[in-house]
Structure formats: structure tokens, C-alpha cells
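Below: the structure, in C-alpha cells.
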Amino acid sequence: MNGPSPADSALVQAVLPLAGGDTDLRIGVLASGRGSNLRVLLDRCADGSLPARVVAVACNHSDAPALAIAAEYGIPYRAVPRAGHPTRLDQQHTLADFLDGADAQLIVCAGFDRVLEPPICDRWSGRLINLHPSLLPAFAGGLHAIADALAYGVRVTGVTVHFVTPAVDAGPIILQEAVPVAPDDTLDSLRARIQAVEHRLLTEAVALYAANRLLIEGARVIIQP
Ligand code: GRF
């Protein structure tokens, strides 16, 4: 009897070879700020350690330094500020249209500072990932997870890379890593250690996705050997 295979129930889409023999994963990036994670992705693509290519960068702020990084690397980019759009959803569809127009397969939120509206999450279901500077579900839902962890007095915080669903910061977790909080940590010192972990974990998660090794089963992500 033929039952459904695990792959049938997976939300993750296979990375299909592209026309012209181009098998690199095409990444679209949503960013809002400094863009250090964007730069790491660009560098890992350029040095060949990621079989991927950043094909477009979209920002929701016109002055985001991430835009200058995209320009520096010659990547198509676009700023889509909230002004001029009747609703936040309209703005986000414009951002999404730009990335889809570049045929992005995987969308990476690399420091995107707004909650994505449910229709946007659904539009990219199973191919939209985010990184969050805490061990989710701790310190979910805010923009200040590092400061919040410090203020709470936790001994351990960390980094999470997860698929994005309409449930804010609650999508299936791909990778997590703990970062101990030192007694004399400041916001800057803790942020520096967390960002170093982010840069490595995001690269690892994208590599797993590019290798088609991620399956979403219910709330969990199975990493296939
Ligand atoms: C990261 O700490 C990320 O976890 C959070 O925003 C920050 C973005 O950093 N969502 P950068 O712009 O990539 O340097």
C-alpha cells in the first residue's frame, strides 16, 4: 500500500535546478538595519562556502546601511518605506514583489524590524527564515531581545534561526545555539558575542536549506542526514 512519504507532508520546497544549469540557491534578503548578517551571506556566497547567490535585497527603511552593502556587492536592491502605502500589508507586498521579481527561492529576514503580515508569511510558506537574538521562545516578540535578556538576569541566552509563520517568533526552529551571559556583560559585549553566533548559524541554516536537508513536520524541523 502506498502511504504518503515524509516528503509529501513537508512544507519545505525542494530547491529545483534553474534554467541554464544554475543550481545555486537564489536568496532574497529582507533587512532593516546594519546588515552584518547580509554581509556574511554575501561573503560566504562569494567565497564558495555557500552554494547560493543573493539575488535581491529589500529594506523597509531608505537609510538602512544594508542598502549600501547591497550596492557595494552589486546586488539589486530596493527601499520600500511605509510612506506611500495605504497599509503595512501593501508595503510588504511591494517588498515581496521585488524579491519575487528576482526569482528568489529562499527569503531571509536578516534583521528585518517589522512583523511580517500573515499573507506575506503564507506567500513564502516553508521558504522564509528569520534569525532572532535569543533562545526562542524566551524573549520572543520584541526588538530588544538582547537587552531584555540582560535586564532579566538570565545566565544563558542565545540565537535561533527558524522558519517564519504567522505566529510571531514561533515558527519551526532550524538551529539554536546558547550564548552564556558573563557577569560583567554590557549590551555591546553581549551583542557582539551573539552576532558572531548569528553569522555562523545563519550560514549553516542556509547551507542546510540549499542542500534540501530541511523538512518541516508539524512544529518541528527534521534535519535529514
Ligand atoms: C540581529 O541581531 C538579528 O538577530 C536581529 O536584528 C539584528 C540584525 O543585525 N533580528 P544586522 O543588521 O544583520 O547586523
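Order of listing sets the numbers, starting from 1, for every ligand and every atom in it.
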Distance-only donor-acceptor check, side chains S49 and D47, under 3.5 Å: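 A pair is found: one side chain offers a donor N or O, the other an acceptor, under 3.5 Å apart.
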
Those residues that, when tested against Q176, pass side-chain hydrogen bond (donor to acceptor under 3.5 Å, both in side chains) (two or more places apart): T160

What is the closest protein heavy atom to [atom], and at what distance does it sit?
atom: atom 14 (O) of ligand 1; result: S36 OG, 2.5 Å
atom: atom 12 (O) of ligand 1; result: G35 N, 2.7 Å
atom: atom 9 (O) of ligand 1; result: Q195 NE2, 3.0 Å
atom: atom 2 (O) of ligand 1; result: E198 OE2, 2.8 Å
atom: atom 10 (N) of ligand 1; result: L131 O, 3.5 Å
atom: atom 8 (C) of ligand 1; result: G111 CA, 3.5 Å

CA sep, side-chain torsions, deciding dist, call: V206, V161, side chain to side chain contact (heavy atoms under 4.5 Å, CB included): CA-CA 10 Å; V206 171; V161 185; over 6 Å; no

For P133, the ligand 1 atoms whose distance to one of its heavy atoms is below 4.0 Å: 4 (O)

Per-atom contacts of ligand 1 with R34, taking only distances under 4.0 Å to non-hydrogen atoms: 12 (O), 14 (O)

Check: N37 N/O within less than 3.5 Å of ligand 1 N/O: yes

Main-chain N/O of P180 paired to R193 side chain as donor or acceptor, under 3.5 Å: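 Yes; at least one donor-acceptor contact below 3.5 Å.
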
Backbone of D103 reached by a side-chain donor or acceptor of R26 within 3.5 Å: yes

Side chain to side chain contact (heavy atoms under 4.5 Å, CB included) between H85 and V80, intermediate numbers included: CA-CA 9 Å; H85 293 83; V80 182; 3.4 Å; yes

Donor-acceptor contacts under 3.5 Å from residues 113-122 side chains, at least two apart:
{"unit_1": "D113", "atom_1": "OD1", "unit_2": "S32", "atom_2": "OG", "d": "3.0"}
{"unit_1": "D113", "atom_1": "OD1", "unit_2": "N60", "atom_2": "ND2", "d": "2.8"}
{"unit_1": "D113", "atom_1": "OD1", "unit_2": "H61", "atom_2": "NE2", "d": "3.3"}
{"unit_1": "D113", "atom_1": "OD2", "unit_2": "H61", "atom_2": "NE2", "d": "2.8"}

